[in-house]
Amino acid sequence: MRYSQGFIPTLKEEPREAEISSHALTVRAGLIRKIASGIYAFLPAGKRVIQKIENIIREEMDRTGALELFLPVLQPSDLWEKSGRWGEYGPELFRLKDRNGRSFCLGPTHEEIMTYLAYLDIKSYRDLPLNLYQIQVKFRDEIRPRYGLLRAREFIMKDAYSFCENDSDLDEIYNKMHSAYTRIMERMGLKYKTVEADTGIIGGKSSHEFMVLAGDGEETIIYCPECGYSANIEMAGFRPLMEKEETFKNAGEIEKVSTPGITDIDRLADFLKIEKKYTVKTILLTDEKEKIYAFILMGDRQLNISKAEKFLGKELRLYENSDERYPIGYLGPVGLDPEIEIYADRMLKGVKGVITGANKKDFHLRNVNIQRDVNIKAYGDFSYPVEGDICERCGSKLKIDKGIEIGHIFKLGKKYSEKMEARFLGRDGRLKPFVMGCYGMGITRILSAVIEQMHDDKGIIWPTAIAPYTVNLLITSLKEEQLVGAGEEIYEKLLDSGIEVLYDDREVSAGIKFKDSDLLGLPLKIVLGRKYLDEGLIEVQLRKNGKQFEINPKDIVKFVKDFISSDIKK
RNA sequence: CGGGAUGUAGCGCAGUCUGGUUUAGCGCGCAGCGUUCGGGACGCUGAGGCCGGGGGUUCAAAUCCCCCCAUCCCGACCA
């Protein structure tokens with residue numbers, strides 16, 4: 001591609017809305033442009049990256065025997081009624097009506113369509129197992145689109161759905177998908193972690209997430225450097241790191257302390273000059289029937305609502321109406337409305353001499369002894385782990401990383417096939433629902449995640465496997481006929497050898513070409529300039545580490561090919 | 001949906017508080033000419049704005065008031 005004929009509009013300044021590097025760089029390097037909130041156009045260079053990511057995913061999916069097909073974006077509501085998700089999904093689902101008033105949605109995912117296809121045409125165990133995938137645009141009306149492509153409302157995803165006759169076949173496909181995903185990450189040269197995950201609204205049994213490690217990632221990963229255990233912090237198991245129990249001695253009689261205007265743990269600890277763990281926080285949750293539950297935990301811990309939900313087996317949300325009876329900021333387990341059941345985090349077992357709210361505005365209680373003074377309905381694990389907590393498996397200390405979720409695989413089981421009556425005739429001659437799995441991977445999200453992980457202050461640093469072009473060939477001046485001639489010649493030579501090259505033949509100063517080159521981040525920069533005029537040598541610079549080489553023109557193709565083969569894993 | 005903010009040239013912004021000296025500005029980018037030419041050069045000339053939209057107040061509105069829309073930030077949701 002000749003730069004002068006291309007369309008790579010780069011920007012010197014950062015767009016105002018960009019909060020994280022990948023967002024700023026995708027826009028600045030001319031990969032994407034925003035059309036509306038959470039909706040983006042992909043410009044030619046961005047489109048090339050998308051295509052490369054897709055191809056790697058295709059190759060790895062095909063290798064496992066999965067089959068590609070293409071499903072509609074527009075999906076009729078009746079299929080969603082059948083699966084029950086028309087009601088469950090909520091406002092995140094883009095819904096619309098056709099001219100006859102029939103309801104449709106823009107697919108946020110394709111379980112319904114896939115299950116319907118299976119219902120139509122998979123009749124016998126002889127047709128199984130089957131794993132079908134597509135690469136398709138998806139829609140989710142996110143509450144808050146953010147971070148460019150990382151949280152967009154329209155995005156591209158690969159999604160695969162497997163159909164099996166039993167759990168062990170599902171396990172086999174699941175494991176194949178797991179290793180295919182691993183290969184995909186490796187081929188793109190990404191640092192990543194695979195973590196155990198929550199299954200969320202899609203439902204099902206076990207589930208893993210693939211996280212690209214990045215400091216600005218939205219997800220928190222807890223992992224054990226010793227035994228390799230890693231999980232999404234939402235569902236991570238752990239043993240709390242506890243000081244010895246005598247730290248909590250000194251349990252005299254309860255006394256009231258005046259704490260005017262002190263409504264949060266930080267200020268409370270500050271005000272009373274104690275550590276946060278000597279306070280106990282009380283959080284009220286309600287269920288659909290507006291019944292209130294109290295959860296208490298150590299002041300320095302965060303309540304994990306999904307753990308609370310699992311414990312009670314129902315959906316819960318924060319109770320936020322502060323009133324006379326439940327003065328938020330001054331809640332406490334002692335003297336709380338006896339109607340409210342109190343659940344205590346396991347870390348509070350035997351804890352005494354702590355501060356709690358007094359259930360009265362501007363007052364807290366001192367010397368509370370959990371066992372003595374509080375009527376605990378049950379103890380459980382309701383908190384998030386923190387760095388330094390103990391690994392349940394091996395007893396080492398856990399660590400925390402930030403990551404971007406780019407893939408998620410689930411064992412769905414029969415959730416959809418049962419509801420949608422998608423059944424096959426088994427070996428025993430009886431109808432059975434398919435045992436399903438589903439495997440998603442966010443393609444536009446990978447694009448962002450890669451940049452988030454691989455960039456410096458000058459721009460993007462593409463891994464060769466998915467760079468829009470491999471080589472940025474640039475001549476420092478168009479005035480020198482020798483350079484123009486050599487540029488043309490080398491451009492042709494590289495093209496003839498099947499190398500993807502962006503030839504910067506623009507009539508702009510060399511400085512601009514260098515800056516744009518670093519910004520766009522192609523793996524190799526080949527410079528024809530002084531060195532060529534003086535000594536007939538071509539300069540080559542590696543984007544990833546700045547290393548420079550001087551190459552004889554006759555060796556340039558070999559140099560580039562060697563670089564590619566050493567840099568791309570197959 | 002709650003809380004906060006912003007909307008002025010393609011991009012980044014000033015001007016708004018205190019209405020009129022503003023023919024609405026600056027930097028970048030864009031076009032032409034000339035000088036430059038290895039890390040976002042310089043000079044000159046130029047194109048480009050219903051100041052987000054609608055309504056109102058006023059002799060006079062980018063500026064004051066009301067409504068709407070869009071965008072962004074914080075929270076709950078999520079690949």
Side-chain angles (χ1 to χ4, degrees), chain A residues 9-20 23-24 27-28 30 33-39 89-93 107-110 136-159 197-202 207 209-212 217-219 232 234 285 305-306 315-320 403-410 438-449 458-459 474-480 483 504 506-519 525 527-534 539 541 546 548:
Chain A
T10 57
L11 261 34
K12 200 189 283 189
E13 290 179 77
E14 295 212 347
R16 203 161 69 113
E17 71 259 24
E19 281 189 281
I20 59 172
H23 186 191
V27 176
R28 283 191 58 215
R33 285 294 180 264
K34 186 174 79 182
I35 301 302
S37 179
I39 298 179
Y89 222 97
E92 200 179 298
L93 188 63
T109 165
H110 284 72
Q136 177 63 285
V137 61
K138 310 269 181 191
F139 294 84
R140 286 182 200 175
D141 194 356
E142 289 288 344
I143 289 170
R144 183 136 93 90
R146 209 181 338 193
Y147 304 139
L149 300 179
L150 278 186
R151 181 157 305 283
R153 294 194 294 172
E154 176 177 331
F155 54 98
I156 303 170
M157 209 172 133
K158 184 282 301 177
D159 49 331
D198 215 354
T199 50
I201 193 171
I202 297 179
S207 157
E209 287 170 343
F210 289 76
M211 302 279 198
V212 170
E218 290 188 282
E219 303 288 339
N232 191 310
E234 284 299 326
L285 300 177
I305 295 181
S306 43
E315 277 189 38
L316 298 169
R317 62 194 154 75
L318 276 178
Y319 178 84
E320 278 169 330
I404 298 166
E405 179 186 353
I406 59 109
H408 201 160
I409 58 180
F410 296 88
C438 92
Y439 319 94
M441 191 165 238
I443 289 165
T444 42
R445 196 173 242 201
I446 288 175
L447 166 54
S448 267
K458 294 188 198 131
L474 60 93
I475 54 176
T476 57
S477 170
L478 288 185
K479 295 275 152 41
E480 299 283 351
L483 288 184
D504 197 342
R506 290 176 299 171
E507 269 192 85
V508 296
S509 76
I512 291 177
K513 294 185 182 183
F514 284 120
K515 292 285 186 195
D516 272 344
S517 178
D518 290 339
L519 178 58
K525 179 161 48 195
V527 183
L528 287 167
R530 264 188 218 130
K531 205 84 193 173
Y532 185 79
L533 291 174
D534 297 347
E539 295 160 71
Q541 203 181 112
Q548 302 204 28

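Each chain gets a letter, A, B and so on, in the order the sequences are listed, and its residues count up from 1. What you see is a predicted model; the values in this text were computed from it and never measured.
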Using purine N1 to pyrimidine N3 plus N6-O4 or O6-N4 for Watson-Crick, or N1-O2 and O6-N3 for G-U wobble, both under 3.5 Å, which nucleotide pairs with [N]?
N      : result
C59(B) : G20(B)
G40(B) : none
C78(B) : none
C72(B) : G4(B)
A31(B) : U45(B)
C13(B) : G25(B)

Task: Listed once per pair and sorted, the salt bridge (Lys or Arg N to Asp or Glu O under 4.0 Å) pairs that draw on residues 142-155 of chain A, sequence neighbours left out - done: Asp141(A)-Arg153(A), Glu142(A)-Arg151(A), Arg151(A)-Glu218(A)
Can you tell me if the side-chain N/O atoms of [X] get under 4.0 Å from OP1 or OP2 in [N]?
X         : N      : result
Ser509(A) : A41(B) : yes
Ser37(A)  : C72(B) : yes
Arg140(A) : C78(B) : no

Scan [X] against the nucleic acid and name what it touches under 4.0 Å (heavy atoms): base, sugar-phosphate only, or nothing.
X         : result
Gly529(A) : base
Lys479(A) : base
Glu92(A)  : sugar-phosphate

Open item on the list: Is any side-chain heavy atom of Val527(A) closer than 4.5 Å to one of Tyr532(A)?
Closed with: no
- [ ] Only counting residues at least two apart or in another chain, list the ones meeting ring-ring contact (aromatic ring centres under 6.0 Å, His included) with Phe155(A).
- [x] none
Between protein and nucleotides 5-11 of chain B, what N or O pairs are separated by less than 3.5 Å?
unit_1 : atom_1 : unit_2   : atom_2 : d
U6(B)  : O2'    : Arg16(A) : NH2    : 3.4

Measure [atom1]/[X] against [atom2]/[N] and give the value in whole Å, please.
X         : N      : atom1 : atom2 : result
Met211(A) : C78(B) : CE    : P     : 14 Å
Leu478(A) : C37(B) : CG    : C1'   : 10 Å
Ile143(A) : C74(B) : CD1   : P     : 14 Å
Glu219(A) : C78(B) : CD    : P     : 11 Å
Leu528(A) : G38(B) : CG    : C1'   : 12 Å

Same-atom distance ([atom1]) from [N] to [M], integer angstrom:
N      : M      : atom1 : result
C30(B) : A9(B)  : C1'   : 11 Å
G20(B) : C67(B) : P     : 25 Å
C66(B) : U71(B) : P     : 23 Å
U36(B) : G27(B) : P     : 25 Å
A62(B) : C13(B) : C1'   : 15 Å
G40(B) : U18(B) : P     : 45 Å
U35(B) : G53(B) : C1'   : 47 Å
C50(B) : G34(B) : P     : 33 Å

Open item on the list: I'd like to check the salt bridge (Lys or Arg N to Asp or Glu O under 4.0 Å) partners of Lys158(A); sequence neighbours left out, ordered by chain and number.
Closed with: none
Open item on the list: Lys34(A): which residues meet the salt bridge (Lys or Arg N to Asp or Glu O under 4.0 Å) condition with it, sequence neighbours left out?
Closed with: Glu17(A)
Task: Residues in side-chain hydrogen bond (donor to acceptor under 3.5 Å, both in side chains) contact with Thr10(A), at least two apart in sequence or another chain - done: Asp516(A)
From the options [options], select the nucleotide whose nearest atom is closest to the side chain of [X].
X         : options                : value
Thr10(A)  : A41(B), U71(B), G40(B) : G40(B)
Arg144(A) : U36(B), U71(B), A76(B) : A76(B)
Glu142(A) : G38(B), C78(B), C74(B) : C78(B)
Ala510(A) : U36(B), G38(B), A41(B) : G38(B)

Open item on the list: Run the side-chain hydrogen bond (donor to acceptor under 3.5 Å, both in side chains) test on His408(A) and Ser207(A) for me, step by step, so that the C-alpha distance in whole Å, both residues' side-chain angles and the decisive distance to 0.1 Å come before the verdict.
Closed with: CA-CA 7 Å; His408(A) 201 160; Ser207(A) 157; 2.7 Å; yes
Open item on the list: Checking the side chain of Lys513(A) only, and the main-chain atoms of Arg506(A) only, is there a donor and an acceptor separated by less than 3.5 Å?
Closed with: yes
